[in-house]
Amino acid sequence: MTPIECIKTRRSIRNFTNTPIPHSVLSEIVEAASYAPSWKNTQITRYIAIEDSAKKAQIAEECTNIYKNNGEIIKRSAMLIAVTIIKNRSGFERDGSFSTPKGTGWQMYDAGIASEAFCLAAWEKGIGSVILGLFDEEKASGLLALPKDRELVALIAIGYPDETPAAPKRKTTDELLTIL
């Protein structure tokens, strides 16, 4: 699969088979995602893989009141990936000052790049994913016992796809591109 094919064929998958994901394959995905660019090569993104069905169910039931459908997706996934960052590093200098007018926003940019790299690497391995942003971050962080220097950014439900969604309509290049 070429990079363009991977980008164009990857879909948000919300229904999965119950086939477990081998840890060796997960390691290959994370290793590939580690090549995502980051601010001054800070590499702040960290992943927590939750495959225990009781822990996934607890997160699904206690952390998705904002959007219940995310809880159902989590329960159907083979594994849930908690995407975390090391706080106050990306976009910052060692003295704690900002290097960018984006302030703390740059760390979210880095986490987003790394999350998409993770999802594309997973897709190349035949593993579907959907990035979830609507959940109780504070509650989920507590259930995952995150250290104080970490921040939970997103949850990614992953597994072997049990669906083949059609591509949603895309905006035209003319709508997306301005050349000056």
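Remember, it's a predicted structure, so these values are computed and weren't measured experimentally.
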Exercise: identify the closest heavy-atom pair between Ala121 and Ala32: CB-CB, 3.8 Å
When the ring centroid of Phe16 is compared with that of Tyr160, is the distance short of 6.0 Å? no
Any residue meeting ring-ring contact (aromatic ring centres under 6.0 Å, His included) with Phe135, in chain and number order, not counting sequence neighbours: none
Backbone N/O of Ala60 and side chain of Lys75: donor-acceptor pair under 3.5 Å: no
Taking the side chain as every heavy atom from C-beta outward, state whether Arg150 and Ser141 have any atom pair closer than 4.5 Å. no
For the residue pair Leu144 and Ile59, establish whether any side-chain heavy-atom pair is separated by less than 4.5 Å. yes
Over all heavy atoms of both residues, which pair between Pro161 and Gly126 is shortest? Give the atoms and the distance, please. CD-O, 3.3 Å
Glu151 and Lys87 ion-paired at < 4.0 Å: no
Donor-acceptor pair, distance only, cut-off 3.5 Å: does the side chain of Ser97 make one with the backbone of Glu93? no
Any chain of hydrophobic side-chain contacts (each under 4.5 Å) joining Val30 to Leu146? no
Are the side chains of Ser99 and Lys40 in touch, meaning some heavy atoms are under 4.5 Å apart? yes
Once rounded to the nearest 0.5 Å, what's the spacing between atom NE2 of His23 and atom CD of Glu28? 13.5 Å
Beyond-backbone contact of Asp136 with Glu62, side-chain heavy atoms, under 4.5 angstrom: no
Between CD1 of Ile21 and OG of Ser77, what distance do you get to the nearest 0.5 Å? 8.0 Å
Output the distance between atom NZ (Lys125) and atom SG (Cys6), rounded to the nearest 0.5 Å. 11.0 Å
Report the distance from atom CD1 of Ile156 to atom CD1 of Ile73, rounding to the nearest 0.5 Å. 13.0 Å
CG (Asn88) and CG (Asp149) are apart, to the nearest 0.5 Å, by 9.5 Å
Using every non-hydrogen atom in the two residues, find where Pro165 and Ser12 come nearest and quote the distance to one decimal. CG-O, 3.9 Å
Identify whether Ile74 and Leu143 are in the same connected component of the hydrophobic contact network (ILVMFWY, side-chain heavy atoms under 4.5 Å). yes
For Glu163, which residues count as a salt bridge (Lys or Arg N to Asp or Glu O under 4.0 Å) partner, sequence neighbours excluded? none
Between the side chain of Arg46 and the main-chain N/O of Ile86, is any donor-acceptor distance below 3.5 Å? no
Does any non-hydrogen side-chain atom of Arg89 lie less than 4.5 Å from one of Gln107? no
Test your reading of the model: is there a side-chain donor-acceptor pair from Asp110 to the backbone of Ser38, 3.5 Å cut-off? no
Lys102 atom NZ: more than 12 heavy-atom contacts under 6.0 Å: no
Are Asp162 and Thr17 packed together at the side-chain level, in the sense that at least one heavy-atom pair is separated by less than 4.5 angstrom? yes
Can you find a pair of side-chain heavy atoms, one from Ile81 and one from Leu26, that are under 4.5 Å apart? yes
How about Ser90 and Ile85: do any of their side-chain heavy atoms sit closer than 4.5 Å? no
When you check the gap from the basic side-chain N to the acidic O, do Arg170 and Glu175 get nearer than 4.0 Å? no
One should read off an interatomic distance between Asn69 CG and Leu134 CG, to the nearest 0.5 angstrom, of 10.5 Å
Are Val130 and Leu80 connected in the hydrophobic side-chain network, where two residues link if heavy atoms are under 4.5 Å apart? yes
Once you measure the plane-to-plane angle for Trp39 and Trp106, does it fall in the parallel (<30°), tilted (30-60°) or perpendicular (>60°) bin? perpendicular
Cluster question for you: counting only ILVMFWY and a side-chain heavy-atom cut-off of under 4.5 Å, with indirect links fine, are Ile158 and Val25 together? yes
Co-members of the apolar cluster containing Met1 [side chain, <4.5 Å]: Trp123
Examine Ile29 and Ile131 and state if one hydrophobic cluster contains both, with Ile, Leu, Val, Met, Phe, Trp and Tyr joined whenever side-chain heavy atoms are less than 4.5 Å apart. yes
Phe98, CZ: over 12 other non-hydrogen atoms inside 6.0 angstrom: yes
Counting only N and O atoms by type, is there a donor-acceptor contact under 3.5 Å from the side chain of Ser115 to the main-chain atoms of Gly112? no
Shortest non-hydrogen contact from Arg11 toward Ala166: NE-C, 3.7 Å
